[in-house]
Amino acid sequence: LLQWEHYLSCDGTPDPTVPQEINTFMSLWRDDQDQDVQLVMEKEEVVLHLVEKLEFLLLEASPGEITDEQRDQYQEVILQLQDLLHQKYDDATQNLLKIASMYEDSETGNMHTVLKDKNVTFCIWANLKKKARFKDHVFQGAGHAFELPMSLALSSVAVRLLHTHYDHVSPLSASLKGTSNNTDDRKETQEETEKNSEILDASSQGIWLFFMCSTTKVFRLGILCEEPGGREEAPQVVDLEQLVPVGGVFHIAALQLPPQAQDAGDWTMVELLDVGLEVYPYSPGKAEDGTQEAVQITLRLPDNVIYFKVPVVARWDPAGQWWRTDGISKITYEAEEKSITFSMGDFYTVALLQDAHLNLPYQAWELHPTGVDEGLFTVTAVFATIQIQIKDNQCMLSSVVVEEEEVLSHITGKWMSPLALRAALKRAGVNIFPAEYSPKYVPVPRKVSDRGVPGGFSLFFPQVSEHLTAGSAKGNHWSLLMFNGEKVQHLKLTETSEAFSEELEEESEFHSTLYHMVKDSASNEAMDKVERAGCLFIDSVYQLLLATRVLAYS
């Protein structure tokens, strides 16, 4: 399917699944000596599209659809494309620094520039004059800033802050090896799939009614784990099953400033060094107050991302291949200004992390029809209410409301596959997609409400109503059912009842599935609509219900 879609697109890009095409693409770009930052940013769009194609192929492929050899090949191509992209940014940075003196600022005598598009923000500052009073700088147009220790302010150094709005770092983490997010997204355990398939039997057979469920409070666990090897003063290593980077990655580096061009009469002379981009050899000294020197960084948070709480600042440890929180201090978060300031003992690649489960458990969820093979799926999470329109095999984010304000306008109103919508929401910080390990962090206890409702994972109480029009379901007659995984019963209890009771509706019968229970009381018109529901639409509903797992996490 991917190859056919690529053939139809005729956009001149290589097919990433064909080794000859993708290898030729990478080889030609690797040999291209025109290393300009703007040109790299333009090529980046193509590279990210190729990476996304392969990632979606790996996620969507059913067992047996691609071989293990192909899977390894695609993953290797993804890594090669990512490495090549980063290398090209390094090469372009080196070329720009060689001519930094041509762009010196008239006020400070130093060079600084900001280049940005939807995928990356490139900020660079070159310390040409080495004056102590210019040890700090704000990158206008980006909102990022830094303040250097005095030793660096007097050195031949450049500072680059490369904010990639994507994350090509976390997939390398040692904490994900063996339990990768790709594996979680690609498939569920056999037991979970079987359980969900039973509960969602209504969807798989085309039932198209309105469900609603409410929840109770739960407790959350800790967010950091210790590095293997001891408990005393162990560096804090981030558990990526619970904390996830949101808003991309900030590559912050001190770089060696190469020799600058010198005018000699009618000639311009420059010393050429046969080296690439060099990291500045910085070793923190002592500040005037006796404490260790620190680099102060201020980051402007991305506008297309939601941080529901103060984000955790973490640095990438290339040796351990994980994120960690030691080495970062004096964190100040300004929610209204959308900025965060912190100090670092060295220059690091950093990310802002958020609890992957902070929007769980769900407070309520609804599913109701809006037309033929169309519906609206609403999830009320802890901090946000998300509405998703479904039509055939496509989904569209209708709205995300946080504190009565609609947010994330950049991804609302766009039709995409359920998998693409899932990825877009997670990138934006709205993670309503539990993974197989989520019960470790969001335990769903045996529920006993103030009405004395016994429960747990084994009991599910949906409200259902026959709904034949595209309008609101408010005012409909509702039936309350009790489903324990083996049989469904119609309760006499209503939403306004003062106490829980398992007393059954008079002359009602039990059934083995929700589908058969509803079918028993549905009108002929309703069942006719059910039987005519399209398979693509049914599959989209099924995918969303399985991805959000509203039955287990409500």
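Counting from 1, the numbers follow the sequence of the chain as shown.
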So which heavy atom on [X] is nearest to which on [Y], and how close?
X	Y	answer
Trp415	Ile390	CZ3-C, 4.4 Å
Phe537	Asp373	CD1-O, 3.2 Å
Leu468	Ser523	CD1-OG, 4.4 Å
Leu425	Ile411	CD2-CD1, 4.3 Å
Thr412	Ser399	CG2-CA, 4.3 Å
Arg427	Glu52	NH1-OE2, 4.5 Å

Compare all side-chain heavy atoms of [X] with those of [Y] and state whether any distance is below 4.5 angstrom.
X	Y	answer
Asn431	Asn359	no
Leu514	Pro462	yes
Leu493	Glu505	no
Asn393	Ser417	no
Trp29	Leu85	yes
Val382	Leu360	no
Leu352	Val246	no
Leu79	Gln82	yes

- Item | Contacts of Trp316 that satisfy ring-ring contact (aromatic ring centres under 6.0 Å, His included) - sequence neighbours left out | Trp323

- Query: Does a side-chain N-to-carboxylate-O contact under 4.0 Å join Lys492 and Glu503?
  - Reply: yes

- Message: Check this for me: does any side-chain nitrogen of one of Asp355 and Lys309 sit under 4.0 Å from a carboxylate oxygen of the other?
- Response: no

- Begin with the C-alpha distance, continue with both residues' side-chain angles, and end with the deciding distance and a verdict on side chain to side chain contact (heavy atoms under 4.5 Å, CB included) for Ile66 and Thr17. CA-CA 11 Å; Ile66 60 176; Thr17 66; over 6 Å; no

- Assess whether atom CZ of Phe510 is packed by more than 12 heavy atoms of other residues, nucleotides or ligands within 6.0 Å. no

- Task: Look at atom CG of Asp72 and say whether more than 12 heavy atoms of other residues, nucleotides or ligands are closer to it than 6.0 Å.
- Result: yes

Inter-residue atom distance [X].[atom1] - [Y].[atom2], 0.5 Å rounding:
X	Y	atom1	atom2	value
Leu162	Phe250	CG	CZ	10.5 Å
Thr513	Phe483	OG1	CZ	7.5 Å
Met416	Cys395	CE	SG	9.0 Å
Leu54	Leu81	CG	CG	7.0 Å
Glu76	Arg71	CD	CZ	15.0 Å
Asp539	Cys535	CG	SG	8.0 Å

- Task: Fit a plane to each ring of Tyr441 and His357, take the angle between them on a 0 to 90° scale, and name the class: parallel (under 30°), tilted (30 to 60°) or perpendicular (over 60°).
- Result: parallel

- Message: Does the plane of the ring in Tyr89 sit parallel, tilted or perpendicular to the ring in Phe122? Use 30° and 60° as the thresholds.
- Response: parallel

- Query: Under 6.0 Å between the ring centres of His163 and His251?
  - Reply: no

Between [X] and [Y], is there a donor-acceptor pair closer than 3.5 Å when you use the side chain of the first and the backbone of the second?
X	Y	answer
Asp520	His516	no
Gln363	Pro361	yes
Lys414	His410	yes
Tyr362	Ile432	yes
Ser540	Leu536	yes
Gln70	Thr67	yes

- After noting the C-alpha distance and the side-chain angles of Lys43 and Lys88, does the key distance pass the side chain to side chain contact (heavy atoms under 4.5 Å, CB included) rule? CA-CA 10 Å; Lys43 198 80 163 193; Lys88 282 297 181 179; over 6 Å; no

- Message: Ignoring hydrogens and geometry beyond distance, is a side-chain donor-acceptor pair present between Tyr74 and Glu69 at under 3.5 Å?
- Response: no

- Query: Can you find a side-chain donor-acceptor pair between Ser62 and Glu65 that sits under 3.5 Å?
  - Reply: yes

- Quick one: which of Thr13, Val47, Leu84 gives a side chain to side chain contact (heavy atoms under 4.5 Å, CB included) with Phe25? Val47

- Any pair counted as side-chain hydrogen bond (donor to acceptor under 3.5 Å, both in side chains), so long as it reaches residues 376-391, sequence neighbours left out: Thr378-Gln387, Gln389-Ser398

- Query: Can Leu545 and Val541 be said to form a side chain to side chain contact (heavy atoms under 4.5 Å, CB included), step by step?
  - Reply: CA-CA 6 Å; Leu545 291 178; Val541 174; 4.0 Å; yes

- Item | Stepwise side chain to side chain contact (heavy atoms under 4.5 Å, CB included) check, Tyr553 with Thr548 | CA-CA 8 Å; Tyr553 287 90; Thr548 54; over 6 Å; no

- Message: Taking side-chain hydrogen bond (donor to acceptor under 3.5 Å, both in side chains) as the definition, give me every residue that meets it alongside Glu45, ordered by chain and number, with sequence neighbours left out.
- Response: Lys118, Asn119

